[in-house]
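Lettering follows sequence order; numbering is per chain, from 1.
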Protein chains: 2
Amino acid sequence: MNKKLSKKEMIIAIAGEYFSKYGYDATSLEAIAKVCDISKPAIYYHFKDKAALYETVLLKRFSELSKIIEQNTILENPKENLTVYIQTFGNYLIEAPCFSAIFAREIANDAKSMPDSCVIELSKTLQSLTSILESGKKKGIFECENPFMIQMMVVTTLTSYISTKMLRKRVFNVLGESDKAIDPNIEDVIENLSKKIIKALTC
Amino acid sequence: MNKKLSKKEMIIAIAGEYFSKYGYDATSLEAIAKVCDISKPAIYYHFKDKAALYETVLLKRFSELSKIIEQNTILENPKENLTVYIQTFGNYLIEAPCFSAIFAREIANDAKSMPDSCVIELSKTLQSLTSILESGKKKGIFECENPFMIQMMVVTTLTSYISTKMLRKRVFNVLGESDKAIDPNIEDVIENLSKKIIKALTC
DNA sequence: TCCTACTTACTTATCGGTAAGTAAGTATAT
DNA sequence: ATATACTTACTTACCGATAAGTAAGTAGGA
């Protein structure tokens with residue numbers, strides 16, 4: 001682990017946290033600068049504008065994600081491959097919870113702030129999923145499907161679950177249930193989800 | 001259909017469109033006022049502040065939703081009842097697309113802008129779902145489940161699908177596919193989703 | 001006349017972004 | 001070895017725009 005990030009790397013890291021916590025609009029560059037212990041215009045030295053900083057933060061994650069998904073979904077067995085797809089996606093979201101929240105926001109916002117570069121990377125992951133589903137269909141294992149919908153089921157279920165810790169607490173409070181007893185950790189949710197998706201898709 | 005809404009009702013309707021399109025932060029009361037052909041302070045005559053307007057918009061929908069779900073999920077057969085739950089939820093989101101987008105944003109935002117009154121109504125819908133699942137479990141039809149996760153699967157898949165028309169277009173563009181051919185309408189997505197959920201949950 | 005439903009004109013606060021300047025380091029010519 | 005020219009990585013001070021919200025005044029109906 002690097003004990004010393006460059007200022008630029010630090011801006012990217014802190015910006016990720018802010019965009020994740022508050023969303024694009026409600027994130028103030030002044031606030032990011034303050035945490036980085038620099039002035040706001042110093043951000044403009046490294047990045048053209050707010051949108052460019054956002055793109056840098058986001059593209060880094062989307063590129064990593066599409067790359068590891070492509071590298072991992074290489075199994076012959078479609079069911080196993082689909083499990084790997086969901087697990088890989090899920091584990092990446094756990095490792096990068098900031099990304100998960102930003103991703104969830106972007107989907108809710110019809111990706112209006114998402115630059116084309118990121119849409120291209122996202123499309124690659126959908127392409128990987130589509131290949132898996134088609135391979136399974138050819139082998140008579142999976143039913144004919146709309147890959148985008150399956151992608152949505154996987155991605156939004158996971159990002160939402162990761163992002164809604166407080167909401168779950170509030171809901172369980174209203175229902176008078178102990179949240180500890182009923183609230184599983186996210187690793188379990190991923191495993192549960194992948195089993196359900198496989199079951200739902202199998203002929 | 002009422003051909004004449006009161007000014008207050010008109011503010012609520014237009015505010016719903018703006019909150020849905022731009023989110024809470026990026027919605028300007030000035031813009032809402034302009035469309036309603038009144039001045040901005042006229043909004044303050046009817047509502048304490050922006051948050052109160054938002055709560056009014058949101059609570060109206062959440063109350064309606066929890067009410068019709070409670071009214072409709074009264075079947076004996078757990079499978080049929082779960083289908084009704086998903087269909088009712090989905091149809092309401094179709095009828096109120098503004099609400100769907102706001103809902104999606106709130107989930108992505110961990111419901112940080114959602115007032116307690118709305119969380120209570122949301123909890124009622126979760127309670128309905130929990131009853132259905134438990135009834136199915138007792139009858140040996142459904143497997144043991146985490147209702148919140150199932151709720152998330154249903155709600156986020158639908159709200160996201162409804163909200164991401166442009167994103168789908170961009171993704172299909174990147175992949176070089178004709179979006180018309182592959183993009184089903186939302187009614188079909190609801191039916192498809194409910195079948196899949198049933199299949200995934202059945203023992 | 002007085003309440004309802006506003007309008008006009010304003011304040012305060014915050015944002016993204018820019019202009020201009022500067023300390024510290026580096027490459028190069030002499 | 002050192003003076004010169006230049007770059008890197010910032011800072012201070014500020015601008016224009018826009019937002020939420022408010023104080024005070026007013027038209028019109030009961």
Whole-Å distance between [N] [atom2] and [X] [atom1]?
X: F47(A); N: dG17(C); atom1: CZ; atom2: P; value: 13 Å
X: I11(A); N: dT8(D); atom1: CD1; atom2: C1'; value: 14 Å
X: K7(B); N: dT7(C); atom1: NZ; atom2: C1'; value: 13 Å
X: L53(B); N: dA20(D); atom1: CG; atom2: P; value: 11 Å

- Message: Quiz question: by atom type and distance under 3.5 Å, do the side chains of N173(B) and K169(B) form a donor-acceptor pair?
- Response: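 No, no side-chain donor-acceptor contact under 3.5 Å.
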- Task: For DNA chain D, determine which residues of residues 37-46 of chain A have any heavy atom closer than 4.0 angstrom to one of its atoms, and list them numerically.
- Result: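 Correct list: I38(A), S39(A), P41(A), A42(A), Y45(A), H46(A).
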- Item | Proximity to DNA chain D (any heavy atom under 4.0 Å), residues of residues 24-35 of chain B only |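 Those residues whose heavy atoms fall under 4.0 Å from DNA chain D, taken from residues 24-35 of chain B in numerical order, are T27(B), S28(B), L29(B).
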- Check the pair D110(B), K165(A) against salt bridge (charged side-chain N to carboxylate O under 4.0 Å, His left out), reporting the backbone distance first and the verdict last. CA-CA 7 Å; D110(B) 203 3; K165(A) 219 169 152 54; over 6 Å; no
- Message: Less than 6.0 angstrom separating the ring centers of F47(A) and Y54(A), yes or no?
- Response: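 No: the rings miss the under 6.0 Å criterion.
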- Taking the side chain from N146(B) and the backbone from F148(B), do they hold a donor-acceptor pair closer than 3.5 Å?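 A pair under 3.5 Å: yes.
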- Measure from the side-chain N and O atoms of R105(A) to the backbone N and O of K21(A), and report whether any donor-acceptor pair falls under 3.5 Å.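 Confirmed, R105(A) side chain pairs with K21(A) backbone.
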- Query: Any idea how Y92(B) and F99(B) line up, ring-wise: parallel (<30°), tilted (30 to 60°), or perpendicular (>60°)?
  - Reply: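 Aromatic pair Y92(B)/F99(B) classed perpendicular.
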- Message: Students often mix this up, so state it plainly: with edges at 30° and 60°, are the rings of Y24(B) and F19(B) parallel, tilted or perpendicular?
- Response: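 Geometry flag for F19(B) against Y24(B): parallel rings.
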- Task: I would like to know whether K67(B) and E70(B) meet salt bridge (charged side-chain N to carboxylate O under 4.0 Å, His left out); could you show each step before the answer?
- Result: CA-CA 5 Å; K67(B) 197 177 152 195; E70(B) 205 185 351; over 6 Å; no
